[in-house]
Trainee: 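Have a look at this one.
Residue numbers start from 1 in every chain, and the chains themselves are labelled A, B, ... in the order their sequence lines are given, proteins ahead of strands.
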Amino acid sequence: MKKVVVRFAPSPTGFLHIGGLRTALFNWLWARKNKGKFILRIEDTDQGRLVEGAVDNIKEALQWYGLDFDEGPILQSERLELYKKYADELLEKGSAYQCFCSAERLAEVRKVQEVNKQATKYDGLCRSLSKEDVTQKIKAGDSHVLRLKVPQDGSTSFDDLVYGKITVANANIDDQVLLKSDGWPTYHLANVVDDHDMAVTHVIRAEEWLPSTPKHIILYQMMDWPLPVFSHLPMVLGPDKTKLSKRHGAVAALEYKKLGYLPEAVLNFIALLGWNPKIEKEIFSIKELISEFDLSKVNKASAIFNIEKLDWMNGQYIKNLELDQLLNMSKNFLEIKKEDKLFFSKVVRLHQDRLKKIKEIVEIANHYLVASYKYDPKILVPKSGSPEETIIILGLIITKLKTVDQKDFDQDDRLKNIFEEFIQEKELTNKSVLWPLRVAITGLEKSPGVFEMMSALGKQKALQHLEEGLKKLQKG
RNA sequence: GGCGCCUUCGUCUAGCCUGGUCCAGGACACCACGCUUUCAAUGUGGUAACACGGGUUCAAAUCCCGUAGGCGCUACCA
């Protein structure tokens, strides 16, 4: 069995987005699964569309997600002679021809074809140019391109690993431009030449390339090169069912880093977009992804990128993190003063189960790491209670807590017992005591459990917050 | 316009090849209940889909034909 070679071949025209990331992931998974090679190739043959920093962004994104490549980045702009060489060979063989048609004429041809409800493609005018004509025009310095001489009858078909057998009548295939008038290759030439030159065995790319694959097949046939296996991936769409783009929100692969997602969670999520291992399991480690992944199980229909499920999945990953790992990751989002670290780690632990994104700990830190909370005193009063009653209860709580040892604060169970006894003794209800207690302790309507929070805070701080809460309520 | 591809709950999907076990299974979201001082986590339950029309067959989500809709391509972009 030949060694599996795959490549991820983006053009550096912007940041790596979610769709590109998924293409990279599927290539990478296939390479790792088959102990093959994963090449990063940069398709920069359109010099006019280059975006500065794009290659760095692609590299950085792949690195953050852990999709390491074995070779590259290989820049097509540095391989121009290679494409030229094969272009010459094609010309010599009579598989390609020079075309001198102007952009105006091409536009005109298209227009007529459209009116006549015909396929829009080059009409082949320059196919019939004699050698003398060509030589003469070139001598005169006429601008020209090289076109592929697509057979005019018959049909071209191939077996796509995902889509199955695809057949297109050659009459519907355009005489594709191979070399532009400035001598640079187009995608189609450079792509095929490189895939052959790099011994790529599996071409795994987005579905948008499906219609141009027959052209590539013809190119392979004319060069008498063995065909790679083609595997087109269904598109990733936005919630409005159009191609995922900036107006759909976060689409840059690295944006998810800033938002507080774990790379493994994002990878897990996008792996399931268009692929399913046919077992009722959703959370896969990278290792499991590699062993379970199968190109032939990829779906044909495009999938909508729905961030709600990603959020859930990210939450699952956060929940399963060791506290130290979580704390470590939080460093990317905020700086914690040395003296706050212990308390902060306790608070984070109490919030771990409810985090969807790491970034949310910024809010948590901002809220808890202050001397006093800011909140509307009204929230101290439980739904069934009154401010007057709550003031009395808070007073009782404070008196009681002053008698409790700091030692007892170390265990939330102990605190719980103390308060259970206290409530019984004073003939109060859980709600009327625990609600104002918790709100004063956390400064929040919704928060983790009050005893855990009290324990994290310690006696002194807890009392401080309670006294402040009481004061707030007394002031009205 | 031409060419190609696609179509199962709101979303991701299982089932389709090898028709019956599917009045269609799981997950997210949503709703209810349980736990409970609130929220979350968690447990239980619920709402919700075979695009449409014909055919083949004892039987069709599954096979065939057609229709509609969506998407992609249609550049000297990739």
Side-chain angles (χ1 to χ4, degrees), chain A residues 9-13 43-46 48-49 99 101-103 106-107 110 113-121 143-147 160 162-164 166-169 171-174 176-188 190-191 205-214 232 234-235 237 239 241-243 269 272-283 299-313 315-316 319 350-356 379 382-383 419 423 429-439 442 444-451:
Chain A
S11 62
T13 52
E43 313 232 321
D44 56 349
T45 52
D46 187 352
R49 291 210 314 155
C99 170
C101 292
S102 66
L106 261 20
R110 247 196 307 276
Q113 286 166 335
E114 216 154 300
V115 171
N116 293 331
K117 303 193 174 189
Q118 291 169 316
T120 49
K121 50 174 262 192
S143 167
H144 64 278
V145 299
L146 189 73
R147 282 184 187 275
D160 191 275
V162 172
Y163 286 92
I166 307 282
T167 303
V168 177
N172 287 321
I173 301 175
D174 204 356
Q176 187 61 48
V177 171
L178 264 19
L179 238 36
K180 306 175 208 175
S181 55
D182 61 3
W184 284 68
T186 58
Y187 168 88
H188 302 94
N191 186 271
R205 71 216 325 183
E207 192 244 19
E208 58 193 342
W209 293 108
L210 199 59
S212 43
T213 305
H232 288 87
M235 306 278 280
L237 271 24
K241 298 190 178 184
T242 63
K243 213 168 164 177
F269 176 69
L272 260 18
L273 239 39
W275 167 75
N276 192 285
K278 321 290 184 201
I279 50 177
E280 281 177 7
K281 177 175 163 158
E282 306 246 42
I283 306 288
N299 292 137
K300 295 182 172 96
S302 43
I304 291 172
F305 183 86
N306 191 343
I307 204 149
E308 277 173 352
K309 191 155 183 177
L310 205 210
D311 284 350
W312 166 77
M313 201 170 262
Q316 294 292 311
K319 206 153 67 83
L350 296 180
H351 282 83
Q352 188 166 357
D353 279 357
R354 62 202 74 208
L355 291 177
K356 290 271 185 265
I379 67 170
K383 273 207 181 94
F419 272 88
I423 288 164
T429 61
N430 278 347
K431 187 156 197 158
S432 65
V433 174
L434 265 21
W435 175 277
L437 206 213
R438 188 182 57 76
V439 172
T442 62
L444 295 169
E445 264 188 294
K446 301 171 179 179
S447 77
V450 61
F451 304 115

Trainee: Scan K356(A) against the nucleic acid and name what it touches under 4.0 Å (heavy atoms): base, sugar-phosphate only, or nothing.
Mentor: sugar-phosphate
Trainee: Any ion pair linking E282(A) and K309(A) (charged N to carboxylate O, less than 4.0 Å)?
Mentor: yes
Trainee: By nearest atom, which of the nucleotides A78(B), U37(B), G4(B) is closest to the K180(A) side chain?
Mentor: A78(B)
Trainee: Name the pairing partner of C77(B), where a pair is Watson-Crick or G-U wobble with both distances under 3.5 Å, or state none.
Mentor: none
Trainee: What about T167(A): does its side chain form a donor-acceptor pair under 3.5 Å with the base of G4(B)?
Mentor: no
Trainee: Using Watson-Crick or G-U wobble geometry with both distances under 3.5 Å, which nucleotide pairs with C50(B)?
Mentor: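 Base-paired to nothing in any strand shown.
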Trainee: Which heavy atom in K319(A) sits nearest to a heavy atom in Q352(A), and how many Å separate them?
Mentor: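 Scanning both residues, the minimum pair turns out to be O-NE2, 3.6 Å.
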Trainee: L210(A) CG to C6(B) P: how many Å, rounded?
Mentor: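 To the nearest whole Å, that distance equals 9 Å.
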Trainee: To the nearest angstrom, how far is E207(A) atom CD from C6(B) atom C1'?
Mentor: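 For the pair E207(A) CD and C6(B) C1', the rounded distance is 8 Å.
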Trainee: Which base sits across from U56(B) as a Watson-Crick or G-U pair, both distances under 3.5 Å?
Mentor: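 Checking every strand shown, U56(B) finds no partner, since no pair has both distances under 3.5 Å.
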Trainee: C76(B), G1(B), G72(B): which one has an atom nearest the side-chain heavy atoms of V177(A)?
Mentor: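 Nearest to the side-chain atoms of V177(A), counting from C-beta on, is C76(B).
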Trainee: For C28(B), what is the paired nucleotide under Watson-Crick or G-U wobble rules, both distances under 3.5 Å?
Mentor: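 With both distances under 3.5 Å, C28(B) matches G10(B).
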Trainee: Measure from the side-chain heavy atoms of E280(A) and tell me the nearest of G25(B), A78(B), U42(B).
Mentor: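 Nucleotide nearest to E280(A)'s side chain: G25(B).
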Trainee: My understanding is that a pair needs two contacts under 3.5 Å, Watson-Crick or G-U wobble. By that rule, which nucleotide pairs with C16(B)?
Mentor: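 Base-paired to nothing in any strand shown.
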Trainee: Among residues 432-439 of chain A, which ones have heavy-atom contacts with RNA chain B below 4.0 Å?
Mentor: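 Output list: L434(A), W435(A), R438(A).
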Trainee: Tell me yes or no: between the side chains of H232(A) and T213(A), is some donor less than 3.5 Å from an acceptor?
Mentor: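 Checked: H232(A)/T213(A) side chains pair up, N/O donor to acceptor below 3.5 Å.
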Trainee: Quick one: which of A78(B), C71(B), G4(B) gets closest to the side chain of D46(A)?
Mentor: A78(B)
Trainee: Between C77(B), A75(B), C76(B), which one does the side chain of R147(A) approach most closely?
Mentor: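 My answer, after comparing the listed nucleotides, is C76(B).
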Trainee: Using a 4.0 Å heavy-atom cut-off across all strands, classify E208(A) as base, sugar-phosphate, or nothing.
Mentor: sugar-phosphate
Trainee: Counting side-chain heavy atoms from C-beta on, which of U38(B), A27(B), C76(B) comes nearest to S447(A)?
Mentor: U38(B)
Trainee: If you restrict it to nitrogen or oxygen atoms, what contacts under 3.5 Å exist between nucleotides 12-17 of chain B and the protein, and what is each distance?
Mentor:
{"from": "C12(B)", "atom 1": "OP1", "to": "I304(A)", "atom 2": "N", "distance (Å)": "2.9"}
{"from": "C12(B)", "atom 1": "O2'", "to": "L272(A)", "atom 2": "O", "distance (Å)": "3.1"}
{"from": "U13(B)", "atom 1": "OP1", "to": "G274(A)", "atom 2": "N", "distance (Å)": "2.4"}
{"from": "U13(B)", "atom 1": "O2'", "to": "N276(A)", "atom 2": "ND2", "distance (Å)": "2.7"}
{"from": "A14(B)", "atom 1": "OP1", "to": "K278(A)", "atom 2": "NZ", "distance (Å)": "2.7"}
{"from": "A14(B)", "atom 1": "OP1", "to": "N299(A)", "atom 2": "ND2", "distance (Å)": "3.4"}

Trainee: Using a 4.0 Å heavy-atom cut-off, does Q316(A) contact any base of the nucleic acid, only the sugar-phosphate backbone, or nothing at all?
Mentor: sugar-phosphate
Trainee: Does the structure show a Watson-Crick or G-U wobble partner for C71(B), both distances under 3.5 Å? Name it, or say none.
Mentor: G4(B)
Trainee: Among C73(B), G4(B), A27(B), find the nucleotide with the atom closest to the side chain of W312(A).
Mentor: A27(B)
Trainee: Considering every strand and a 4.0 Å limit on heavy-atom distances, what is the contact class for K243(A): base, sugar-phosphate, or nothing?
Mentor: sugar-phosphate
Trainee: Nearest to the side chain of Y163(A), which nucleotide is it out of C76(B), G1(B), C5(B)?
Mentor: C5(B)
Trainee: For the side chain of V145(A), starting at C-beta, report the closest nucleotide among A41(B), C76(B), G72(B).
Mentor: C76(B)
Trainee: Not counting sequence neighbours, which residues clear ring pair (Phe, Tyr, Trp, His ring centres under 6.0 Å) with W209(A)? List them please.
Mentor: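 Ring pair (Phe, Tyr, Trp, His ring centres under 6.0 Å) list for W209(A), sorted by chain: Y187(A).
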